[in-house]
Amino acid sequence: MRMIATSDSHSRRGLLFDIIERHIENADLFVNLGDCGSGADLEEAQLYFGERLKLLRVGGNCDFYYDCPAVRLIDFAGKRVLLCHGHTFKVKFGLYELESEAQKEGADIALYGHTHAQKCEYKDGIYYFNPGAVRDGNYGIIDITDAGTVCIPARLT
């Protein structure tokens, strides 16, 4: 199963739409990790793509007037996935707090944004993956198969 992770579009809707269009036919779920124009980017995408767009989201530190949780736990393809923007775990100063939360919650995968830098790390049985910033053309692909989990940093070209 395939999940597409986006974060930090900061009102660059065109880039977000390009990513969704690229994967709308081969993704089982899209997740957004915050800082998406206070939700406007995602609301417009949901209106445009309709029911074809299966989307979950969390709020970021720049999402003012946006009623969305800062942290969310989901089950996807038999994996427990922690979704967050990262600001509440101070990820700009390291992953210690995020790692503690992911371990406490029994996560297999922890997805975060906020730093705008793509990063994939496997530590103590947990994947920590930042898809980077949509505003820079970056996003992430998470493939979960019988052979295992793969986190792929991706970029619009």
Side-chain angles (χ1 to χ4, degrees), residues 2-20 22-23 27 29-46 53 55-77 79-144 148-157:
R2 176 167 280 184
M3 177 189 304
I4 303 298
T6 59
S7 187
D8 296 283
S9 58
H10 294 287
S11 298
R12 305 302 200 293
R13 290 180 186 95
L15 294 172
L16 181 64
F17 276 51
D18 289 347
I19 293 165
I20 295 169
R22 180 180 282 187
H23 294 283
L29 180 66
F30 288 81
V31 296
N32 183 274
L33 306 172
D35 282 3
C36 54
S38 292
D41 299 356
L42 302 176
E43 290 167 7
E44 288 186 19
Q46 195 71 68
L53 179 59
L55 174 68
L56 295 176
R57 53 194 179 184
V58 293
N61 61 303
C62 293
D63 290 325
F64 307 108
Y65 313 111
Y66 184 44
D67 186 21
C68 199
V71 179
R72 193 172 195 164
L73 286 166
I74 65 168
D75 290 316
F76 179 76
K79 303 293 182 184
R80 190 161 173 86
V81 184
L82 185 145
L83 309 174
C84 69
H85 182 60
H87 64 297
T88 56
F89 298 113
K90 302 176 185 78
V91 297
K92 285 189 176 180
F93 303 102
L95 297 184
Y96 177 76
E97 289 186 31
L98 177 60
E99 290 170 358
S100 295
E101 183 70 10
Q103 290 169 359
K104 181 182 91 172
E105 294 294 347
D108 300 296
I109 303 167
L111 301 176
Y112 67 101
H114 192 51
T115 67
H116 294 203
Q118 290 182 313
K119 182 175 182 176
C120 184
E121 180 179 350
Y122 185 74
K123 183 176 179 183
D124 297 326
I126 303 172
Y127 287 94
Y128 298 91
F129 187 39
N130 184 330
V134 167
R135 76 167 197 182
D136 300 325
N138 297 322
Y139 65 101
I141 301 169
I142 300 95
D143 282 332
I144 300 172
T149 300
V150 179
C151 298
I152 305 163
R155 181 166 176 74
L156 290 171
T157 53

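- The two residues V71 and V58 come nearest to each other via the heavy atoms C-CG1, 4.2 Å.
- For the pair K119/F129, no side-chain contact is recorded, criterion being any heavy-atom separation below 4.5 Å from C-beta on.
- Here the NE2 atom belonging to H23 is positioned 13.0 Å from the CG atom belonging to L53, to the nearest 0.5 angstrom.
- Distance check, rounded to the nearest 0.5 Å: CZ of F76 to OG1 of T149 gives 10.0 Å.
- In this structure, the side chains of I20 and L55 stay at 4.5 Å or more apart for every pair of heavy atoms.
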| field | Worked check of side chain to side chain contact (heavy atoms under 4.5 Å, CB included) between Y112 and L95 | value | CA-CA 10 Å; Y112 67 101; L95 297 184; 3.7 Å; yes

| request: Evaluate side chain to side chain contact (heavy atoms under 4.5 Å, CB included) for I109 paired with I144, printing each intermediate quantity in order. | output: CA-CA 11 Å; I109 303 167; I144 300 172; 4.0 Å; yes

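- Relative ring orientation between H114 and H85 is described as perpendicular, the plane-to-plane angle rising above 60° on a 0-90° scale split at 30° and 60°.
- Side chains of V81 and L111 form a contact here, defined as non-hydrogen atoms less than 4.5 Å apart.
- L16 and V134 make their closest contact through N-CG1, 3.7 Å (heavy atoms, listed as atom of the first residue, atom of the second, distance).
- Scanning both residues, G113 and S7, for their nearest heavy atoms gives CA-OG, 3.5 Å.
- With a 4.5 Å cut-off on side-chain heavy atoms, E99 and F89 do not count as touching.
- Without hydrogens or angle criteria, Y139 side chain to A133 main chain gives no donor-acceptor distance under 3.5 Å.
- Separating the CG atom in D136 from the CZ atom in R155 is a distance of 7.0 Å, to the nearest 0.5 Å.
- A donor-acceptor distance shorter than 3.5 angstrom exists from the side chain of D108 to the backbone of R80, with no hydrogens or angles considered.
- Here the OH atom belonging to Y127 is positioned 7.5 Å from the SG atom belonging to C120, to the nearest 0.5 angstrom.
- Using a 4.0 Å cut-off between a side-chain N of Lys or Arg and a carboxylate O of Asp or Glu, D143 and R2 qualify as a salt bridge.
- Applying the salt bridge (charged side-chain N to carboxylate O under 4.0 Å, His left out) test between D41 and each of R13, R135, R57, R12 identifies R13 as the sole match.
- In this structure, the side chains of H116 and H10 come closer than 4.5 Å at one or more pairs of heavy atoms.
- The closest side-chain heavy-atom distance from I142 to V150 is not below 4.5 Å.
- No side-chain N or O of D35 forms a donor-acceptor pair with one of S9 less than 3.5 Å apart.
- In terms of modelled atom types and a separation under 3.5 Å, the side chain of Q118 and the main chain of N130 share no donor-acceptor contact.
- No side-chain donor-acceptor contact under 3.5 Å links E97 to the backbone of V91.
- You'll find the side chain of P131 stays beyond 4.5 Å of the side chain of T6, heavy atoms only.
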